[in-house]
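So the structure is just underneath, and the comments pick up after that.
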2 protein chains.
Amino acid sequence: MRLLIADDHGLVRDALSSHIERQAPGAIVVGAASVDEAVALLRQEKLIDLLILDLRMPGMNGLDGLQRVRTEFPALKVALMSGLARPDEIRGAFARGAVGFLPKTLSATELLSAIQTMLSGERFIPADLNTADTADGASFTRREREVLDYLLQGRSNKEIARSLELEEVTVKLHVRGICRKLGAKNRTQAVMRAVEMGIAS
Amino acid sequence: MRLLIADDHGLVRDALSSHIERQAPGAIVVGAASVDEAVALLRQEKLIDLLILDLRMPGMNGLDGLQRVRTEFPALKVALMSGLARPDEIRGAFARGAVGFLPKTLSATELLSAIQTMLSGERFIPADLNTADTADGASFTRREREVLDYLLQGRSNKEIARSLELEEVTVKLHVRGICRKLGAKNRTQAVMRAVEMGIAS
DNA sequence: TATTGGTCTATCCTTTTGGATAGAGCAACC
DNA sequence: GGTTGCTCTATCCAAAAGGATAGACCAATA
């Protein structure tokens with residue numbers, strides 16, 4: 001069994017792989033710190049049985065990273081992993097062909113059995129998805145999330161519009177939505193709120 | 001060596017403990033899913049050498065959780081762990097007597113040596129914090145600092161002018177100065193820069 | 001089927017920000 | 001004395017941001 005774990009936290013990556021390799025003798029676990037790195041590894045190493053993708057990491061950009069991987073490697077089993085996920089992201093993940101969704105609240109033994117499940121061809125859907133949905137506080141829509149990412153870089157509405165291929169008015173619309181949900185008076189305050197709330201990750 | 005890891009992600013908890021226990025024979029690692037649980041465990045189990053606290057978890061509420069633990073168990077070594085932390089949180093952690101700060105970008109071997117360091121009585125301060133912290137130290141004038149404080153609250157020029165008893169033009173002047181010194185295009189970017197550089201008090 | 005929620009766009013409008021340029025008071029320093 | 005740096009203010013102007021309201025599309029859902 002060969003796994004590729006893509007997570008930008010080296011600690012999580014190392015700890016997971018060492019745990020899995022101990023619990024499942026013969027398992028080989030490779031790590032990647034970004035989607036790009038994962039794709040590069042997949043291109044030269046065709047023998048991966050399962051890719052575990054962290055939802056919030058460089059290159060993911062919502063579910064775009066998953067899409068990318070699925071397009072280039074349609075036969076590869078891909079599972080998403082996340083500490084905090086919105087229901088639409090989870091549904092979107094399955095809609096894009098993911099074979100499982102792993103909340104980080106899973107225990108390590110549950111993780112192992114989930115991996116076994118997925119490797120055997122089943123989908124793994126954690127039981128507590130229905131209940132653990134709304135841990136978020138401020139729930140952003142997909143677009144708002146994207147816009148927020150740019151806000152956090154101090155981009156102007158015009159720049160954001162160009163990047164996302166939208167009109168500037170539309171970006172303003174989303175910015176207002178973000179401010180409303182964060183209880184902020186303006187974009188700068190929204191950015192600070194996001195940082196304070198740890199949304200900026 | 002006895003560790004208590006408090007993290008609400010069971011996966012992280014289990015993986016870390018299994019990794020540590022394998023790499024450091026004789027180590028005992030206990031897990032807790034919240035600050036409350038950690039405190040409860042500490043009350044009945046006095047033999048913990050080091051507590052590792054996740055910064056973002058139930059009961060932490062900023063650094064309140066750390067404060068609580070430090071007050072009740074002043075002799076206990078406590079390290080904070082976080083995927084993404086603001087420099088002021090890191091400084092605050094040390095100010096409250098933490099013996100270390102562990103970014104999740106650490107590799108697992110680095111983590112182990114960090115733990116050894118802390119158990120031996122040293123403080124562990126990751127290298128990339130030192131550099132980021134003291135880097136350049138963009139020298140602000142007294143007024144610029146004051147204005148920056150308000151910027152970090154997302155205040156408008158008009159509000160800042162009222163608070164500091166200045167004309168709005170003058171505030172603009174200082175805002176421009178701040179942006180120039182931080183290499184920012186606008187106030188929002190300046191705020192993010194300030195946060196990243198740890199200027200945010 | 002009707003409704004809801006997310007999305008995108010448009011047209012107005014006001015306020016805020018950012019930038020340029022210029023003058024003046026004040027304290028520290030060579 | 002002269003210079004330098006920080007401070008404050010003023011008057012312009014252009015660009016950006018923020019806000020209101022309205023119409024439209026689509027997918028999921030009741």
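Residue numbering restarts at 1 for every chain, and letters A, B, ... go by the order of the sequence lines.
Salt bridge present: B:D36 and B:R68 bring a charged side-chain N and a carboxylate O closer than 4.0 Å. Salt bridge status for A:K185 with B:E159: present, with a side-chain N to carboxylate O gap under 4.0 Å.
Mapping B:K172 and B:N186 onto DNA chain D by nearest heavy atom places B:K172 at the nucleotide closer to the 5' end. Comparing B:L173 and B:T188, the nucleotide of DNA chain C nearest to each residue sits closer to the 5' end for B:T188.
As a whole-Å value, the separation of A:R180 CZ from D:dG18 P is 14 Å. Separating the NE2 atom of B:H174 from the C1' atom of D:dC6 is a distance of 8 Å, rounded to the nearest angstrom. In this entry the distance linking CG of A:L151 with P of D:dA16 reads 16 Å, nearest Å. Here D:dA16 presents its P atom at 14 Å from CZ of A:R155, a figure rounded to the nearest Å.
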Original post:
Step by step, would you call B:Q67 with B:T71 a side chain to side chain contact (heavy atoms under 4.5 Å, CB included)?
Top reply: CA-CA 6 Å; B:Q67 188 76 68; B:T71 307; 4.0 Å; yes

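Distance check: B:M81 CE to B:L53 CG gives 8.5 Å after rounding to the nearest 0.5 Å.
Phosphate contact (OP1/OP2 of D:dG5, side-chain N/O of B:T141, threshold under 4.0 Å): absent. Taking side-chain N and O atoms only, A:R187 has a distance below 4.0 Å to OP1 or OP2 of D:dG18.
Along DNA chain C, read 5' to 3', the first and last nucleotides having any atom under 4.0 Å from a heavy atom of chain B are C:dT16 to C:dA20.
Checked options B:K181, B:H174, B:R176; the residue passing with B:E144 is B:K181 (criterion: side chain to side chain donor-acceptor pair (under 3.5 Å)). Shown are A:E167, A:R162, A:K172; of these, the side-chain contact (heavy atoms from CB on, under 4.5 Å) with A:N157 is made only by A:K172.
Residues from residues 157-171 of chain B lying near DNA chain C, meaning a heavy-atom separation below 4.0 Å, are B:N157, B:K158, B:E168 in numerical order.
Taking the side chain as every heavy atom from C-beta outward, B:L16 and B:H19 never approach each other to under 4.5 Å. Counting heavy atoms from C-beta outward, B:I28 and B:L3 have side chains that stay 4.5 Å or more apart. The shortest side-chain heavy-atom distance between B:V191 and A:M192 falls under the 4.5 Å cut-off.
B:R176 comes within 4.0 angstrom of a nucleotide base, judged by non-hydrogen atoms across all strands.
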